[in-house]
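The structure appears below as structure tokens.
In this chain, numbering begins with 1 at the start of the sequence shown. The shown structure was predicted, so the numbers you read here are calculated from the model rather than taken from an experiment.
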Amino acid sequence: AVKQLIQRTNTNPDDIDLIIVATTTSDYRFPSTASILCERLGLKHAFAFDMQAVCSGFLYAMETGANFVRSGKYKKVIIVGADKMSSIIDYTDRATCPIFGDGAAAFMLEPTTEDVGIIDSVLRTDGKGLPFLHIKAGGSVCPHSYYTLDNHMQYIYQEGRTVFKYAVANMSDACEAIIARNHLTKEDIDWVIPHQANQRIITAVTQRLEVPSEKVMVNIERYGNTSAGTLPLCIWDFENKLKKGLQSSPFCRIKLSRGGRVDLVITCTFKHRWVASRMLYRFQLPAADSSREACKPPERTGVPYDEMWV
């Protein structure tokens with residue numbers, strides 16, 4: 001996704017200042033997935049780090065990257081939302097295994113004087129949800145052992161009813177809060193892009209917001225819940241709706257500015273430990289190329305990252 005982003009925007013890799021990868025399923029505990037990206041893409045002047053906020057990770061990374069741009073020191077910031085949920089799913093647990101999928105997409109943030117870009121965001125964290133959605137083993141509290149592996153403690157544990165109740169209430173409240181904070185009405189919003197957790201949650205949120213289903217982007221039937229990948233992948237699939245005549249590609253460029261109006265969009269999500277996050281922005285997309293095919297990665301050098309070692 002990042003390689004295609006660089007190619008389509010005609011960006012010189014040496015001009016990229018920062019890569020942030022939002023992921024919960026990083027390749028290794030360390031080094032970061034972002035640093036591996038730098039090596040594989042030949043980025044010589046960028047610094048890079050991962051962010052772990054599960055389903056809210058992409059919005060967290062977007063706000064973080066936007067503030068780097070707003071500082072005036074950084075001109076090109078790449079945000080990646082990527083998760084391989086199949087690596088942390090218990091396929092004997094029928095309550096969770098049908099829900100999740102694997103996916104990744106990338107955005108580029110740049111400064112601009114045009115009337116497009118990120119307008120506002122509100123991020124909140126409440127730690128009380130830990131008992132209801134977590135992975136028991138693998139952290140410093142409970143390191144992996146024969147016991148944890150035998151008892152499938154390395155996989156996601158979820159209490160679906162509790163998560164559903166919280167998700168519907170807080171995703172709806174998040175959207176209403178950012179609308180009110182920016183002195184807008186629901187009629188002003190062109191699109192709502194919810195985290196693709198499951199169709200029941202999306203439907204309930206839509207009904208509670210009293211937003212027509214035609215204004216809600218949904219593609220969960222294609223990928224499942226890809227955690228940090230859901231929002232950028234959804235924008236990928238609906239790109240031609242945001243800007244007529246454009247062909248879809250697995251990334252988007254967002255420029256930061258104030259004022260004006262192109263497409264007014266709200267994204268909203270939630271995650272374990274009850275994080276509610278939402279972002280309001282105006283969209284204008286770059287001209288698309290004619291290909292959506294995955295690019296072959298560059299030749300790898302140095303440590304063989306696809307092999308384990310001791």
Side-chain angles (χ1 to χ4, degrees), residues 19-40 48-61 64 79-105 123-164 166-167 195-198 223-233 269-277 303-310:
I19 290 185
I20 305 175
V21 176
T23 184
T24 302
T25 55
S26 56
D27 292 353
Y28 304 97
R29 293 292 296 270
F30 70 90
S32 68
T33 299
S35 68
I36 296 173
L37 270 181
C38 285
E39 187 274 335
R40 293 190 177 180
F49 59 89
D50 290 354
M51 293 190 71
Q52 199 274 66
V54 199
C55 300
S56 290
F58 182 74
L59 287 189
Y60 275 36
T64 302
I79 308 298
V80 181
D83 270 306
K84 185 183 178 183
M85 299 304 290
S86 60
S87 67
I88 55 173
I89 296 299
D90 182 355
Y91 282 90
T92 66
D93 178 9
R94 301 302 298 173
T96 58
C97 71
I99 299 172
F100 295 93
D102 303 333
L123 311 176
R124 295 287 184 267
T125 300
D126 181 349
K128 67 184 179 184
L130 173 61
F132 310 111
L133 184 56
H134 60 265
I135 294 178
K136 292 181 171 63
S140 58
V141 170
C142 182
H144 286 305
S145 66
Y146 288 116
Y147 175 82
T148 65
L149 295 175
D150 288 344
N151 288 275
H152 294 193
M153 296 168 65
Q154 73 273 29
Y155 298 126
I156 287 177
Y157 171 81
Q158 175 177 271
E159 292 187 15
R161 290 185 179 180
T162 304
V163 173
F164 175 87
Y166 174 85
H195 167 54
Q196 307 292 296
N198 67 53
Y223 310 110
N225 180 351
T226 57
S227 192
T230 64
L231 296 179
L233 283 172
T269 186
F270 72 98
K271 77 177 187 74
H272 76 299
R273 292 185 309 189
W274 299 171
V275 172
S277 54
V303 179
Y305 292 120
D306 55 347
E307 298 179 3
M308 295 301 294
W309 67 91
V310 286

Can you tell me how far [atom2] of [Y] sits from [atom1] of [X], rounded to the nearest 0.5 angstrom?
X    : Y    : atom1 : atom2 : value
E159 : R161 : CD    : CZ    : 10.5 Å
Y147 : C142 : OH    : SG    : 8.5 Å
I88  : Y157 : CD1   : OH    : 16.0 Å
I99  : T226 : CD1   : OG1   : 13.0 Å
F100 : T230 : CZ    : OG1   : 11.0 Å
Q158 : D90  : CD    : CG    : 13.0 Å

>> Hydrogens and angles aside, do T23 and D50 bring a side-chain donor and acceptor to less than 3.5 Å of each other?
In response: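 Checked: T23/D50 side chains show no N/O donor-acceptor pair below 3.5 Å.
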> Side-chain donor-acceptor pair under 3.5 Å between S35 and S32, yes or no?
Replying inline: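 A donor-acceptor contact under 3.5 Å links the two side chains.
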Indicate the atoms forming the closest heavy-atom contact of [X] with [Y], along with that distance.
X    : Y    : answer
K128 : F132 : O-CE1, 3.8 Å
A82  : T25  : O-OG1, 4.4 Å
V54  : S227 : C-OG, 3.3 Å
F58  : A228 : CB-O, 3.5 Å

>> Heavy-atom count check: over 12 atoms from other residues, nucleotides or ligands less than 6.0 Å from Y146 OH?
In response: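 No, not enclosed.
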> Do side-chain atoms of D83 reach the backbone of G229 as a donor and acceptor pair under 3.5 angstrom?
Replying inline: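 It does not hold such a pair.
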>> Please check: side-chain N/O of T148 versus main-chain N/O of H144, any donor-acceptor pairing under 3.5 Å?
In response: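 Between the backbone of H144 and the side chain of T148 there is no qualifying donor-acceptor contact (under 3.5 Å).
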> Do Y155 and I135 pass the side chain to side chain contact (heavy atoms under 4.5 Å, CB included) test, and can you show the C-alpha distance, the side-chain angles, and the key distance before you say yes or no?
Replying inline: CA-CA 6 Å; Y155 298 126; I135 294 178; over 6 Å; no
> Going by heavy atoms in the side chains, are N225 and H195 under 4.5 Å from each other?
Replying inline: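 Side chain of N225 against side chain of H195, heavy atoms only: contact under 4.5 Å found.
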> Is the closest side-chain heavy-atom distance between Y166 and L133 below 4.5 Å?
Replying inline: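 No, too far: nothing below the 4.5 Å cut-off.
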> Passes side chain to side chain contact (heavy atoms under 4.5 Å, CB included), R29 versus S26? Steps please.
Replying inline: CA-CA 7 Å; R29 293 292 296 270; S26 56; 6.0 Å; no
